[in-house]
Structure formats: C-alpha cells, structure tokens
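For reference, the structure is listed below as structure tokens.
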Amino acid sequence: MKHEKHFFRLSYCVIATALVAFSSSVFSLPSEAATRRSAATYRSKALSEGTASFYSTQFHGRKTANGETFNMNQLTAAHPSLPFGTLVKVTNMDNGKNVVVRINDRGPYVKGRIIDLSKSAARKIGILKEGVAQVKDEPVKPTINTQVAG
C-alpha cells in the first residue's frame, strides 16, 4: 500500500512533466530568427504596379472569400495572393491619391489587374468614373495608430 502511493505520485509527476514539455514546444513564442524571416517575407511583397478596378454594386451583401459579407462602403479589396487582413496602401499613379484598404477577398479575375477595390476605396482615389486606373500597391505594416475607416 505504501509503495502504491509513491508509484501514483511518481506517475503524476511524469505525466505533468510530459505535459509541460509538450505544451512548451507547441505554444512557444517565435524565435528571433523566425521573426526576422517573417519580416523579410513581408518586405519581399513590398510593392507592385498595375491596373486596379473596383467591385460593382451587384456584389454588395454577398460573401467574400474570407467569409465576410461584402460592404461596398468599407475600405476593403480583393487581392490574388496577400493574406486576408493585410492592410495595403493603394496609390493612383495619375493623381497621387491613396487609400489604405484591408484584403478580405480573392481576385481580380480579369487578366492584367492586380487589385479590386470596394466602391468606397475607388471613390477615395478617384477611379469611379473611369472604372480602372494604374496604381501601385504596398502592404502597410500594421501599427497601433493604423486605422481603416469604413
């Protein structure tokens, strides 16, 4: 009887140690090298230039690729490869106006276009009348002060 208590205590200690080791490996914070790698990846997607267009009003209220309901009055956009939630500064190269949008959808699906903007974002950079414009886009590294109105 006396040895059984010690056996169970020892078993609990082994199990607890194994759980701590497992949880520390699964839930560990990223290393400095991993942080540098992600920053380098971020910088590698720094800038592209091409044609932008905007969503027509027929998509208002439909689901986007990330599951949100599309709202043409928010500052959002569709991009073929950037991760959902990425903030992107889009600058109209004809007039210099820019807007920061959040990627929440995939597209555009028209050859030669690099980004599809919501109607509100298109209005901010002055492309509603033409429907398309030459733009440059660059991901914005989020900070505490970064805000996307919408």
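Computed from a predicted structure; not experimentally measured. Counting from 1, the numbers follow the sequence of the chain as shown. Values reported hereafter were calculated over all heavy atoms of this structure, with side chains retained and with hydrogens, waters and symmetry mates removed.
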Quick one: does [X]'s side chain get under 4.5 Å of [Y]'s, heavy atoms only?
{"X": "K119", "Y": "T57", "answer": "yes"}
{"X": "V135", "Y": "I125", "answer": "yes"}
{"X": "V88", "Y": "I103", "answer": "yes"}
{"X": "V90", "Y": "V101", "answer": "yes"}

Practice task
Please check if L128 and V132 belong to a single hydrophobic cluster, counting links between Ile, Leu, Val, Met, Phe, Trp and Tyr side chain heavy atoms closer than 4.5 Å.
Solution key: no
Between [atom1] on residue [X] and [atom2] on residue [Y], distance to nearest 0.5 Å:
{"X": "T51", "Y": "I127", "atom1": "OG1", "atom2": "CD1", "value": "10.0 Å"}
{"X": "S118", "Y": "L75", "atom1": "OG", "atom2": "CG", "value": "5.5 Å"}
{"X": "D137", "Y": "T91", "atom1": "CG", "atom2": "OG1", "value": "8.5 Å"}
{"X": "R123", "Y": "L117", "atom1": "CZ", "atom2": "CG", "value": "12.0 Å"}
{"X": "N98", "Y": "K136", "atom1": "CG", "atom2": "NZ", "value": "9.0 Å"}

Problem - Qualifying salt bridge (Lys or Arg N to Asp or Glu O under 4.0 Å) pairs, either residue in residues 47-65, two or more places apart - result: none
Exercise for the section: Check which hydrophobic residues are tied to F70 through side-chain heavy-atom contacts below 4.5 Å, counting indirect links as well, and list them. Expected result: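 Other cluster members: Y55, F59, M72.
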Handout entry: Contacts of E68 that satisfy side-chain hydrogen bond (donor to acceptor under 3.5 Å, both in side chains) - sequence neighbours left out
Key =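 Partners of E68 by the side-chain hydrogen bond (donor to acceptor under 3.5 Å, both in side chains) criterion, ordered by chain and then number, come out as N66, R102, N104.
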Handout entry: Short side-chain to backbone donor-acceptor contact, D105 and A65, under 3.5 Å
Key = yes
Problem - By side-chain contact (heavy atoms from CB on, under 4.5 Å) - contacts of N95 (at least two apart) - result: N92, K97
In a table with atom names and distances, give each donor-acceptor pair under 3.5 Å that connects a side chain of residues 106-115 to protein atoms at least two apart or in another chain.
unit_1 : atom_1 : unit_2 : atom_2 : d
R106   : NH1    : H79    : O      : 2.9
R106   : NH1    : L82    : O      : 2.7
R106   : NH2    : L82    : O      : 3.1
R113   : NH1    : S53    : OG     : 3.4

